[in-house]
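Worksheet: the structure to be examined is printed underneath.
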Amino acid sequence: METHADADRALMLGETMPRIMQIDPKRSRFPCCIVWCPLPILSWLVPFIGHIGIGREDGVILDFAGPNFVCVDNFAFGAVSRYIQISKEKCCISPSVAEHESQIGYDQSEHRREIMTWDDAIRKSTQEFQHRSYNLFTCNCHSFVAHNLNRLGYGGGLCRWNVVNLAVLIFLKGQWVSKAAIVRSFLPFVIVFSLGLMLGGWSFLTALASFTLIIVGWFLLGTYFFKSLIQL
């Protein structure tokens with residue numbers, strides 16, 4: 001216990017610690033993972049909408065949770081429900097300065113030379129988002145994680161990450177932390193949907209479908225047609 005406490009204290013101070021690539025939901029440690037949890041109210045109406053963050057190599061979660069504010073080791077909306085662990089072999093990063101320089105050479109951009117590890121990339125993205133305004137519809141937690149994945153070169157540069165394909169990735173490939181997490185994520189939606197159906201009938205279904213189409217349509221349009229709307 002004392003070892004864990006000392007490690008966590010050092011991590012919060014930004015000290016370098018040994019990398020232990022083990023997922024530990026009880027301690028909220030998700031090394032090199034994209035993590036997801038439901039959002040109050042929004043997820044009760046549209047269950048695939050949620051809040052996401054990204055884990056450092058030591059498992060500490062960072063998430064963009066408000067104007068000029070990136071949470072560290074305090075996932076803003078509760079415990080992680082789903083996660084995807086990212087293979088560093090699929091990212092354009094190097095484990096050491098020597099290997100990094102030999103791979104990219106000095107003729108590459110300054111940006112690429114500066115990124116040498118997973119944590120280096122996340123640190124630089126965090127510094128950028130600490131000077132950004134938060135907006136649910138234009139610059140949110142998905143923007144932060146997509147920005148990190150693009151900086152990391154996840155997918156070998158073949159995929160440009162945005163809020164839409166990131167949400168699809170989590171929805172299709174995210175692993176549940178536990179059965180309790182599934183219940184916690186979907187039970188509010190089931191209750192709201194059942195009550196709405198009993199009390200409002202087709203009017204409720206129409207309103208819910210319209211709300212879902214507006215939300216999804218906004219992000220589709222802002223991502224693929226009016227690209228300046230959604231910040232990354």
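Side-chain atoms are counted along with the backbone in the values below, which use heavy atoms only and exclude waters and symmetry mates.
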Show every donor-acceptor pair shorter than 3.5 Å between a side-chain atom in residues 38-50 and any protein atom, with sequence neighbours excluded, or say none if there are none.
residue: S43; atom: OG; partner: L39; partner atom: N; Å: 2.6
residue: S43; atom: OG; partner: L39; partner atom: O; Å: 3.2
residue: S43; atom: OG; partner: I49; partner atom: O; Å: 2.5

Grouping I, L, V, M, F, W and Y whenever their side-chain heavy atoms are under 4.5 Å apart, do [X] and [Y] come out in a common cluster?
{"X": "L195", "Y": "L208", "result": "no"}
{"X": "L172", "Y": "Y154", "result": "yes"}
{"X": "V168", "Y": "F144", "result": "yes"}
{"X": "F211", "Y": "W202", "result": "yes"}
{"X": "L229", "Y": "F137", "result": "yes"}

Partners passing side chain to side chain donor-acceptor pair (under 3.5 Å) against Q130 (at least two apart in sequence or in another chain):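 Partners of Q130 by the side chain to side chain donor-acceptor pair (under 3.5 Å) criterion come out as none, since no residue qualifies.
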(request) Name all residues meeting the side chain to side chain donor-acceptor pair (under 3.5 Å) criterion together with E89; count only those two or more places apart in sequence or in a different chain, and write none if there are none. (result)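 With sequence neighbours excluded, E89 shows a side chain to side chain donor-acceptor pair (under 3.5 Å) to S87, given in chain and number order.
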- Could you work out the complete set of other residues in the hydrophobic cluster of I214, with links drawn between I, L, V, M, F, W and Y side chains under 4.5 Å apart?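 Same cluster as I214: nobody, lone residue.
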Review point. Judged by modelled atom types alone, do T223 and N162 share a side-chain donor-acceptor pair under 3.5 Å?
Key: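 Their side chains do not contain a donor-acceptor pair, so the 3.5 Å distance test is not met.
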Please find the pair of heavy atoms, one from C91 and one from W118, that lie closest to each other, and give the distance.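 Closest heavy-atom pair between C91 and W118: SG-CZ3, 3.9 Å.
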Who are the side chain to side chain contact (heavy atoms under 4.5 Å, CB included) partners of [X], not counting sequence neighbours?
{"X": "N74", "answer": "none"}
{"X": "S210", "answer": "T206"}
{"X": "F225", "answer": "L221"}
{"X": "I84", "answer": "I86, L169, I170, K173"}

Can you confirm whether more than 12 heavy atoms, excluding those of Y224, are under 6.0 Å from its OH atom?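 Yes - once you tally the heavy atoms of other residues, nucleotides and ligands closer than 6.0 Å, there are more than 12.
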Atom pair [atom1]/[atom2] of [X] and [Y] - distance to nearest 0.5 Å:
{"X": "Q127", "Y": "I122", "atom1": "CD", "atom2": "CD1", "answer": "12.5 Å"}
{"X": "E57", "Y": "D120", "atom1": "CD", "atom2": "CG", "answer": "8.5 Å"}
{"X": "S125", "Y": "L152", "atom1": "OG", "atom2": "CG", "answer": "7.0 Å"}
{"X": "C33", "Y": "Q85", "atom1": "SG", "atom2": "CD", "answer": "4.0 Å"}
{"X": "L136", "Y": "H142", "atom1": "CG", "atom2": "NE2", "answer": "10.0 Å"}
{"X": "F219", "Y": "L166", "atom1": "CZ", "atom2": "CG", "answer": "11.5 Å"}

Electrostatic pair [X]:[Y] at N-O distance under 4.0 angstrom:
{"X": "K26", "Y": "D24", "answer": "no"}
{"X": "R29", "Y": "D73", "answer": "yes"}
{"X": "R123", "Y": "E128", "answer": "no"}

Backbone of A167 reached by a side-chain donor or acceptor of W36 within 3.5 Å:
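It does not hold such a pair.
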* **Side-chain donor or acceptor of N150 paired with backbone N/O of L232 under 3.5 Å** =>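 Such a contact is absent between N150 side chain and L232 backbone.
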Please list every donor-acceptor pair under 3.5 Å in which a side-chain atom of residues 63-71 meets a protein atom from a residue at least two apart or in another chain.
residue: D63; atom: OD2; partner: H51; partner atom: NE2; Å: 2.7
residue: D63; atom: OD2; partner: A76; partner atom: N; Å: 3.3
residue: N68; atom: OD1; partner: R132; partner atom: N; Å: 3.2

- Task: Identify, with sequence neighbours excluded, every residue that meets salt bridge (Lys or Arg N to Asp or Glu O under 4.0 Å) alongside R82.
- Result: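 With neighbours one apart ignored, the set is empty.
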Which pairs of donor and acceptor atoms, one on a side chain in residues 182-194, lie under 3.5 Å apart (sequence neighbours left out)?
residue: R184; atom: NH2; partner: S81; partner atom: OG; Å: 3.4
residue: S185; atom: OG; partner: S81; partner atom: OG; Å: 3.3
residue: S185; atom: OG; partner: A181; partner atom: O; Å: 2.8
residue: S194; atom: OG; partner: V190; partner atom: O; Å: 2.7

Can you confirm whether [X] sits close enough to [Y] that some side-chain heavy atom of one is under 4.5 Å from a side-chain heavy atom of the other?
{"X": "I34", "Y": "L149", "value": "yes"}
{"X": "Q22", "Y": "P31", "value": "no"}
{"X": "F75", "Y": "C37", "value": "yes"}

- Task: Determine, stepwise, if the pair F129 / N148 fulfils side chain to side chain contact (heavy atoms under 4.5 Å, CB included).
- Result: CA-CA 10 Å; F129 274 78; N148 274 287; over 6 Å; no
Q.
My understanding is that only one of V177, I61, I23 makes a side chain to side chain contact (heavy atoms under 4.5 Å, CB included) with V35; could you say which?
A.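 For V35, the side chain to side chain contact (heavy atoms under 4.5 Å, CB included) test succeeds with only one of V177, I61, I23, which is I61.
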